[in-house]
2 protein chains.
Amino acid sequence: MRLKSRFLGLEAGGKLVVVLNREDAEDLVVSSLERVKITKGKKEAIAIVNTTTKLIERGVVGVYEEVRESLGLKEGDDVDVEVAPLPVSVYFIRNKLAKRKLTYEEILEIVKDMVKGNLSEVEIASFVTALHVYGLDLDEATSLSRAMVETGNTLKINKPLIVDKHSIGGVPGDKTTLIIVPIVSAASLTIPKSSSRAITSAAGTADRAEVLMPVQLDLEEMRRVVEQTGGCIVWGGSLALAPADDIFIKVEHPLSIDPLLLPSIMSKKKAVGANMLVVDIPTGRGTKIKTIGDADLLAKDFIELGHRLNIKVQCAVTYGEQPVGYSIGPALEAREALSVLTGKKYVPDLIDKAAEIAGILLEMSGKGNGKEIALEILKSGKAEKKLREIIGAQGGDPEVMPEDIDLGDKTFTVQSDKDGYLLWINNASLVEIARLAGAPKDKGAGINLYKKIGDPVKKGDPLLTIYANSNVKLQRAIDELEESYTLGIGERMDMLIHEIKERPVTKKMFMLDR
Amino acid sequence: MRLKSRFLGLEAGGKLVVVLNREDAEDLVVSSLERVKITKGKKEAIAIVNTTTKLIERGVVGVYEEVRESLGLKEGDDVDVEVAPLPVSVYFIRNKLAKRKLTYEEILEIVKDMVKGNLSEVEIASFVTALHVYGLDLDEATSLSRAMVETGNTLKINKPLIVDKHSIGGVPGDKTTLIIVPIVSAASLTIPKSSSRAITSAAGTADRAEVLMPVQLDLEEMRRVVEQTGGCIVWGGSLALAPADDIFIKVEHPLSIDPLLLPSIMSKKKAVGANMLVVDIPTGRGTKIKTIGDADLLAKDFIELGHRLNIKVQCAVTYGEQPVGYSIGPALEAREALSVLTGKKYVPDLIDKAAEIAGILLEMSGKGNGKEIALEILKSGKAEKKLREIIGAQGGDPEVMPEDIDLGDKTFTVQSDKDGYLLWINNASLVEIARLAGAPKDKGAGINLYKKIGDPVKKGDPLLTIYANSNVKLQRAIDELEESYTLGIGERMDMLIHEIKERPVTKKMFMLDR
């Protein structure tokens, strides 16, 4: 069927989509969400069909930007449209729905079609749901990891040993990576660290690092920085290391499920060529992994999957009941990390965690007492020097000092209304408040804590300060703070967290951060 | 945030969708597929967000038609946009993903939000996938049936006994309803039959009936026809009896899953007020239900679900290895049914099936030997007279004769290339051929068979004729016929259907017809 193309001026998030008049679609024997092949000269594309009864008349095909670009169309161009067979990957997804285990070839085909924009949201959502419900066994997790590497870019660095670290996230204020990377590379290891931006949290490592230096590097720039300094802290999103993962995340986020945690993380480590990896698994009420037993099980899967991908993995199960350090939000956290590196501040939990994890990497690579070496590198100023090298190599100001970092100028400080101790912290609530204040987009927005769990509190003591760039956002954050149970102050043995007098509204936080 | 509205000139299939510039979305702290509340004067709507980096600039909100209509917007109107909380129904869907059983209230909330356009494709696809994977227990099936009735229209007819019939489909050429409805209403029962159009088949009952009379009636017209004649055969799609089902089907179809079979059927029966129902379950290689044992299990569920909904259900497990009668395609089938009613043709399997099912309804309602009565009503011409009454009441020509019905004028007849018997028929292949020939949209397109299973065949005997309205479509159908195993001719005890010499391409037919 020959149709005249009309530009819709819309993007479909990477998918190839066209809109047909329903009569034309019926003549083609194609329904909504089925596929057509569109041919213009020698170029052809497979697109998913939406139908309409009025806005596109017969004889016209409405094209999204992705189709326009793929075929190099001009408005009004005639194109040939015919029904296209279902991609075989859809049959593989249907097999998964029927609980069949998928082979590597089948998974690769699904991931390839996803990356090419050949699968609809319905198909991807159903696939991800089926993976969530049935779970992935290690064979499938291995296949998915490999397929995600196969369909993305890879970093090639000519070193026999490449190390990496990853946190499965879920603890606010975890700026540990900003300290681990310089320690580890100061110890002459190679650590090409790619990080994510916040999805559901108040700051991702890429957001924090961006306060200090550009993080949106391409693969070639990343390679140059790593070869020059031994390390880097860049945003993974611009590297396309595993572009399939971005598509999975778009579906996982609204559904609050994360079946691809393991392959997603491991594929990105494989893509940067890592052969040694430490995975931080924070545990606690407010994190993804609630108990130490669950953390151990997850660690086992990481180690086994790493084994299959030729990556030696060790895991660190860490304490995650409260934020790491005192700050939450990109600029506040960058300041805190830099203050620790410059020796201007002593933040015990942050330093301990960074030294432990850096220490594991040092020991894995054959150096003696890892934690001691790590602490020594930190205290000696070698880590600070290394971070400044990296900042310079990535195009930032290597002389930057903590006090140069701008914070939001609208602030609100909460004081304690009684004496006691800080008994507990609701991490999810802190994240929500920081996000409403503008984080991670407004780099200067966030929260500074003055107390950690167990600290004595006097009536009138400041508990936390909210930072924002505008009064509107500050107010939204204050409103949330007033409505929620954020900090618990009381006597040491006070047991009640809060009362539930009627059926509570479910409002479970979901942490999707990679 | 105040934004200027811009019309996108697109429909989102009933969903409320807006497109924001990504920067604006980030300022609102809302991601793609999350929701915003849009306010214009006193009207407000919750819409799902898509984001774009270039096609919608900052300060503008792109609105789909559904949003324009819902708010009564004019192009360029200023609207207030703010982040909206997640509908609680999304939490219920997430609970289902976690394998929690849903209550009636929770299911009702999901269905309501779906019908209002408040749920995204991703959420609906995931919900349907979870229902498919976990299955529905009878409580949930009951809740879904009730929720689908609750969110749709209902037919009120002032009769103590209202009967209905339904086939779960999957057999091509099943025009039985065109004969059952007149028999049953000629016996003074009330049967307000609403039928579907073909989704994956070559003709639905509504497509067949439309050859004889208008079927796109509204609820009031349907009521008038039923009160006047005791029966009707109308298209369910224009009645909105269970509008949620249309939304479910849009997702089930691309996924080839049908977890809502029972509630979908039963909700529509409940909505027309039926209190007695016979469900036809065709069994055989080519149908949805492959074995008699599976049919029995499904029947048990129908009977139990009916019990909970106050509908007395009986089931008829029928033979479904080959088409019913000789014709496939709307006009060919309408002709065949009318020929049987007028006594011009004797089609044994069609007559037997219609009499059996009509007979069950007659016996359920207290009349003696149902099948005999049904056959008597058919032979006496009372059924024909009743169908003509219904045709007239629905606005068709009550004098229509079989030969008045137009068939496609492009035909192709296949002859047998050997002597033997017709051993088997591949129903899926027949459907595919009829659809490529233009059915169900081209009413005159389809297939006429000359032989049924077990019939002797001589070399040169015609086996089937394909009808189409255009040579292009006829050729597509012929190409498919030549590529596939459609009919098996051989000696009585020939066992081989076909050889498989290499890994076959999966091309399983999926039947979604309600």
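Computed from a predicted structure; not experimentally measured. Chain naming here is simple, since letters A, B, ... match the order of the sequence lines and numbering starts at 1 in each.
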Please classify the contact between S470(B) and chain A as side chain, backbone, both or neither, with a heavy-atom cut-off of under 4.5 Å. neither
Quick check for you: among V29(B), L10(B), V251(B), which has the greatest number of heavy-atom pairs under 4.5 Å with chain A? L10(B)
Check: Q475(A)/N471(A) side-chain N/O donor and acceptor closer than 3.5 Å: no
Exam field: side chain E26(B) to backbone K441(A), donor-acceptor pair closer than 3.5 Å: no
Between V128(B), D27(B), I93(B), which has the largest tally of heavy atom pairs under 4.5 Å with chain A? D27(B)
Between E65(B) and chain A, which part of the residue has a heavy atom less than 4.5 Å away: side chain, backbone, both or neither? side chain
Is a side-chain N or O of T129(B) found less than 3.5 angstrom from the main chain of A125(B), in a donor-acceptor match? yes
Donor-acceptor pair, side chain of R476(B) and main chain of R435(B), under 3.5 angstrom: no
Non-hydrogen atoms of chain A under 4.5 Å away: do they reach the side chain of V19(B), the backbone, both or neither? side chain
With a 3.5 Å distance limit and no angle check, can you tell me whether E34(A) reaches the backbone of S31(A) through a side-chain donor-acceptor pair? yes
Residue F127(B) versus chain A: region with a heavy atom under 4.5 Å: neither
By a 4.5 Å heavy-atom criterion (distance strictly below it), what part of K250(B) contacts chain A: side chain, backbone, both, or neither? backbone
State whether a side-chain donor-acceptor pair under 3.5 Å links S120(A) with E123(A). yes
